[in-house]
Amino acid sequence: MNKEHIGNLIAKLRKEKNLTQDELGDLLGVSGKSVSKWERGLSIPDTKTLNNLANILGVKLADLLNCKKEILDSNQGKNKIIKNKKVLFLIFLVFIIIYSGILITITKKQIESKYSIANFTSFDSDYAVSGSIIYTSKGKIFILNNLDYQGPNRGTTNEVYVKKISITIKNDNNEFYTNSVESSDLDNKLYKLSELLNSFSAEIHKLDESFSITKDNLTLLISYTLETDVTILEKVNLNLIN
């Protein structure tokens, strides 16, 4: 799932709604700068904001994440015809189901076999991490909902400034997610550790179907380079909750 493609779609849909970045940000409770970052592919909204964003832009969340937009006729009369056809089709479908005596029962086990979620979190005092691994019939999807530095120096003059940061999540010795951000990717400014870590929040990544994740040895590695070119590596243990 490409952040740049999602950003391009957000920008396109926003312009079709005649909204500025600031106006869209106000509707979502975020700044116009955040909207700008989404549209430039530097980050994407968190899970809750994604749902609200899809509603405001008038698309399904799945279509937004997969960068799809249904092409609708701009003529209002044709739009009404399309809607009426959908309603008639639904009525006909209900009629067929009721009067043919077809009863479809989907058990909870059947649902869970096609769609289940495992959440992960951290118990580290300096780093707050949370996310999900979604198992579907079409594969596995990894979502990093939140990554934040919450150490004692956060928000103080002692919080370090970094010019490059990379994160890797691995299970045993198998890496299944990695990403990095450099100051040159943004505006060549040095950013606080907490600011760059937040840029990884709401990351979505499709996993290889053959990849297996277990509860044991799920870890997050955080490597960041200070303005003095000293590189620091932090290891955060994660707990997978099925």
Do the non-hydrogen side-chain atoms of [X] and [Y] ever get within less than 4.5 Å of each other?
| X | Y | answer |
| --- | --- | --- |
| Asn119 | Ile133 | no |
| Arg14 | Glu39 | yes |
| Asn179 | Leu144 | no |
| Leu28 | Leu53 | yes |
| Asn8 | Lys12 | no |
| Lys192 | Tyr149 | no |

Just grab all the ring-ring contact (aromatic ring centres under 6.0 Å, His included) pairs involving residues 20-43, residues at least two apart or on different chains.
->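 Passing the test, one end in residues 20-43: no pairs.
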Just to verify, what does [X] make a side-chain hydrogen bond (donor to acceptor under 3.5 Å, both in side chains) with, not counting sequence neighbours?
| X | value |
| --- | --- |
| Thr168 | Thr178 |
| Thr225 | Thr231 |
| Thr219 | none |
| Ser36 | Arg40 |

Under the side-chain contact (heavy atoms from CB on, under 4.5 Å) test, which residues partner [X], sequence neighbours left out?
| X | value |
| --- | --- |
| Ser125 | none |
| Glu227 | Tyr161, Leu190 |
| Asn18 | none |

Between [atom1] of [X] and [atom2] of [Y], what distance do you get to the nearest 0.5 Å?
| X | Y | atom1 | atom2 | answer |
| --- | --- | --- | --- | --- |
| Lys37 | Gln21 | NZ | CD | 12.5 Å |
| Gln150 | Tyr127 | CD | OH | 10.5 Å |
| Ile10 | Lys15 | CD1 | NZ | 12.5 Å |
| Asn52 | Lys48 | CG | NZ | 7.0 Å |

May I have the step-by-step check of side chain to side chain contact (heavy atoms under 4.5 Å, CB included) for Leu24 and Val30, ending in yes or no?
-> CA-CA 8 Å; Leu24 180 57; Val30 300; over 6 Å; no
Can you tell me which residue pairs pass the salt bridge (charged side-chain N to carboxylate O under 4.0 Å, His left out) test with a partner in residues 151-160, sequence neighbours excluded?
->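 Residue pairs with at least one partner in residues 151-160: Asp148-Arg154.
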Pick from Asn239, Leu218, Asn145: which one makes a side chain to side chain contact (heavy atoms under 4.5 Å, CB included) with Phe120?
->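 Of the listed residues Asn239, Leu218, Asn145, the side chain to side chain contact (heavy atoms under 4.5 Å, CB included) partner of Phe120 is Leu218.
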Check each of Asp126, Asp124, Leu147 against Val236 using the side chain to side chain contact (heavy atoms under 4.5 Å, CB included) test, and report the only one that passes.
->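 Between Val236 and the candidates, side chain to side chain contact (heavy atoms under 4.5 Å, CB included) is satisfied uniquely by Asp124.
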Under a 4.0 Å N-O cut-off, is there an ion pair linking Glu23 with Lys17?
->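 Answer for the salt bridge query: no.
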Show which residues join Leu233 in its hydrophobic cluster (side-chain heavy-atom contacts under 4.5 Å, direct or indirect), or state none.
->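 Under the 4.5 Å side-chain rule, Leu233 groups with Leu221.
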Search all heavy atoms of [X] against all heavy atoms of [Y] and return the closest pair with its distance.
| X | Y | result |
| --- | --- | --- |
| Ser166 | Ser180 | CB-CB, 3.6 Å |
| Ile167 | Tyr177 | CD1-CE2, 3.7 Å |
| Thr156 | Asn153 | OG1-O, 2.7 Å |

Check whether the side chains of Thr49 and Asp46 place a donor and an acceptor atom closer than 3.5 Å, and report yes or no.
->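 Per modelled atom types, Thr49 and Asp46 side chains form a pair under 3.5 Å.
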Listed partners of Glu195 passing salt bridge (charged side-chain N to carboxylate O under 4.0 Å, His left out), at least two apart =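 In terms of salt bridge (charged side-chain N to carboxylate O under 4.0 Å, His left out), with neighbours along the sequence ignored, Glu195 is linked to no residue.
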Set of residues satisfying salt bridge (charged side-chain N to carboxylate O under 4.0 Å, His left out) with respect to Lys163, sequence neighbours excluded =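 In terms of salt bridge (charged side-chain N to carboxylate O under 4.0 Å, His left out), with neighbours along the sequence ignored, Lys163 is linked to Asp229.
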Strictly distance-based, threshold 3.5 Å: is any side-chain N or O of [X] a donor or acceptor partner for the main-chain N or O of [Y]?
| X | Y | result |
| --- | --- | --- |
| Asn55 | Asn51 | yes |
| Ser132 | Ile134 | no |
| Thr121 | Val129 | yes |

Would you please test Leu42 and Val181 for side chain to side chain contact (heavy atoms under 4.5 Å, CB included) and show each step?
-> CA-CA 9 Å; Leu42 300 179; Val181 174; over 6 Å; no
Intermediate values then yes/no, side chain to side chain contact (heavy atoms under 4.5 Å, CB included), Tyr224 and Lys164 = CA-CA 6 Å; Tyr224 55 91; Lys164 179 181 179 180; over 6 Å; no
